[in-house]
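Here is the structure we will look at.
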Amino acid sequence: QVQLTVSGGGLVQAGGSLRLSCAASGRILSYYTIGWFRQAPGKERDFVAAMKWGNGDTFYSPSVRGRFTIARDNTGSTVYIQMNALKPEDTGVYSCAVAEEDKRPQVQYSYEYWGRGTQVTVSS
């Protein structure tokens, strides 16, 4: 069993920055992938970024590449997503999730455990 706790989020003006955290506890093994997804009002949940826990490989949606950075802390129990140059279209509920490493990181159905989402609102 894996528990994920999401923190961060809030209201920011366009061009600003936010950092979200996803703290993992429980049975976290080196072969997991942690991903971030977001859901805007009235839209489907979209892939944002992911990191393979074992080797640190990262994956980004084209819409955020170059602006968002996914990283983990030295203890290996928390994954962050640093979001810079935010745009109004980045608004949504951001969630983190865990999948087995051999699953496709960009696909939400790869993920088995989900943390409760946090709202990010970017004003124009």
Side-chain angles (χ1 to χ4, degrees):
Q1 190 74 11
V2 175
Q3 296 82 39
L4 302 171
T5 303
V6 179
S7 60
L11 173 65
V12 65
Q13 288 188 333
S17 298
L18 282 174
R19 188 177 78 162
L20 307 182
S21 301
C22 176
S25 61
R27 193 171 175 269
I28 292 292
L29 301 177
S30 63
Y31 56 80
Y32 275 102
T33 294
I34 288 194
W36 286 94
F37 288 78
R38 68 186 179 195
Q39 187 168 21
K43 296 186 177 181
E44 294 187 355
R45 185 158 54 189
D46 291 331
F47 170 75
V48 176
M51 169 180 279
K52 290 191 179 291
W53 202 271
N55 61 16
D57 284 352
T58 57
F59 306 84
Y60 294 95
S61 164
S63 65
V64 308
R65 187 175 290 118
R67 299 187 297 122
F68 291 13
T69 302
I70 188 170
R72 62 186 176 188
D73 71 355
N74 291 335
T75 67
S77 64
T78 302
V79 171
Y80 305 96
I81 185 165
Q82 177 68 41
M83 306 185 294
N84 298 328
L86 283 162
K87 305 175 182 180
E89 52 264 42
D90 293 320
T91 294
V93 176
Y94 284 69
S95 303
C96 69
V98 174
E100 292 183 1
E101 194 172 50
D102 61 347
K103 300 294 177 59
R104 291 177 58 195
Q106 298 90 344
V107 177
Q108 66 171 316
Y109 299 109
S110 295
Y111 292 82
E112 184 175 356
Y113 300 101
W114 290 82
R116 182 174 295 183
T118 185
Q119 177 70 43
V120 171
T121 303
V122 184
S123 63
S124 57

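Numbering of residues begins at 1 and proceeds along the displayed sequence. Just so it is clear, the model here is predicted, and its values are computed rather than measured.
For the atom pair CD1 (Ile70) and CD (Gln82), the distance works out to 12.0 Å, reported to the nearest 0.5 Å. Here the CZ atom belonging to Arg72 is positioned 12.0 Å from the OG1 atom belonging to Thr78, to the nearest 0.5 angstrom. With rounding to the nearest 0.5 angstrom, the NZ atom of Lys52 is 3.5 Å from the OG1 atom of Thr33. Distance CZ/Phe68 to CG/Leu20: 8.5 Å, rounded to 0.5 Å. With values rounded to the nearest 0.5 angstrom, Tyr32 atom OH is found 5.5 Å from Tyr113 atom OH.
At a threshold of 4.5 Å between side-chain heavy atoms, the hydrophobic network of Ile, Leu, Val, Met, Phe, Trp and Tyr places Val93 and Ile81 in two separate groups. Follow the hydrophobic side-chain contacts under 4.5 Å out from Val48 and you reach Leu86 in the same cluster.
With sequence neighbours excluded, the residues satisfying side-chain hydrogen bond (donor to acceptor under 3.5 Å, both in side chains) with Ser61 are Ser63. Remark: Ser110 engages Ala99, Lys103, Arg104, Val107 in a side-chain contact (heavy atoms from CB on, under 4.5 Å) (not counting sequence neighbours). Under the rule for a ring-ring contact (aromatic ring centres under 6.0 Å, His included), Phe59 has no partner lying at least two apart in sequence or in another chain.
The salt bridge (Lys or Arg N to Asp or Glu O under 4.0 Å) analysis of residues 61-71, with sequence neighbours excluded, yields the pairs Arg67-Asp90. Among residues at least two apart or in separate chains, side chain to side chain donor-acceptor pair (under 3.5 Å) pairs with a member in residues 13-23 are Ser17-Asn84. The side chain to side chain donor-acceptor pair (under 3.5 Å) pairs that include a residue from residues 39-51 are Arg45-Gln108, where partners are two or more places apart or lie in different chains.
Under the 4.5 Å side-chain criterion, counting only non-hydrogen atoms from C-beta, Trp36 is in contact with Val6. Residues Tyr60 and Thr69 meet the side-chain proximity criterion, which asks for heavy atoms closer than 4.5 Å. Inter-residue side-chain proximity for Arg38 and Val64 is flagged as met; some heavy-atom pair is nearer than 4.5 Å.
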Under 3.5 Å, which donor-acceptor pairs do the side chains of residues 114-124 form with other protein atoms, sequence neighbours left out?
{"unit_1": "Thr118", "atom_1": "OG1", "unit_2": "Gly8", "atom_2": "O", "d": "2.8"}
{"unit_1": "Gln119", "atom_1": "NE2", "unit_2": "Thr121", "atom_2": "OG1", "d": "3.3"}

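Judged by distance alone, with hydrogens and angles left aside, the side-chain atoms of Tyr111 form no donor-acceptor pair with the main-chain N or O of Ile34 at under 3.5 Å.
Under a 4.5 Å side-chain heavy-atom cut-off, the cluster of Ile, Leu, Val, Met, Phe, Trp and Tyr residues that includes Leu11 has no other member.
Between Leu4 and Ala97, the closest heavy-atom pair is CD1-CA, 3.7 Å. Residues Phe37 and Gln106 come closest through the heavy atom pair CE2-O, 4.0 Å.
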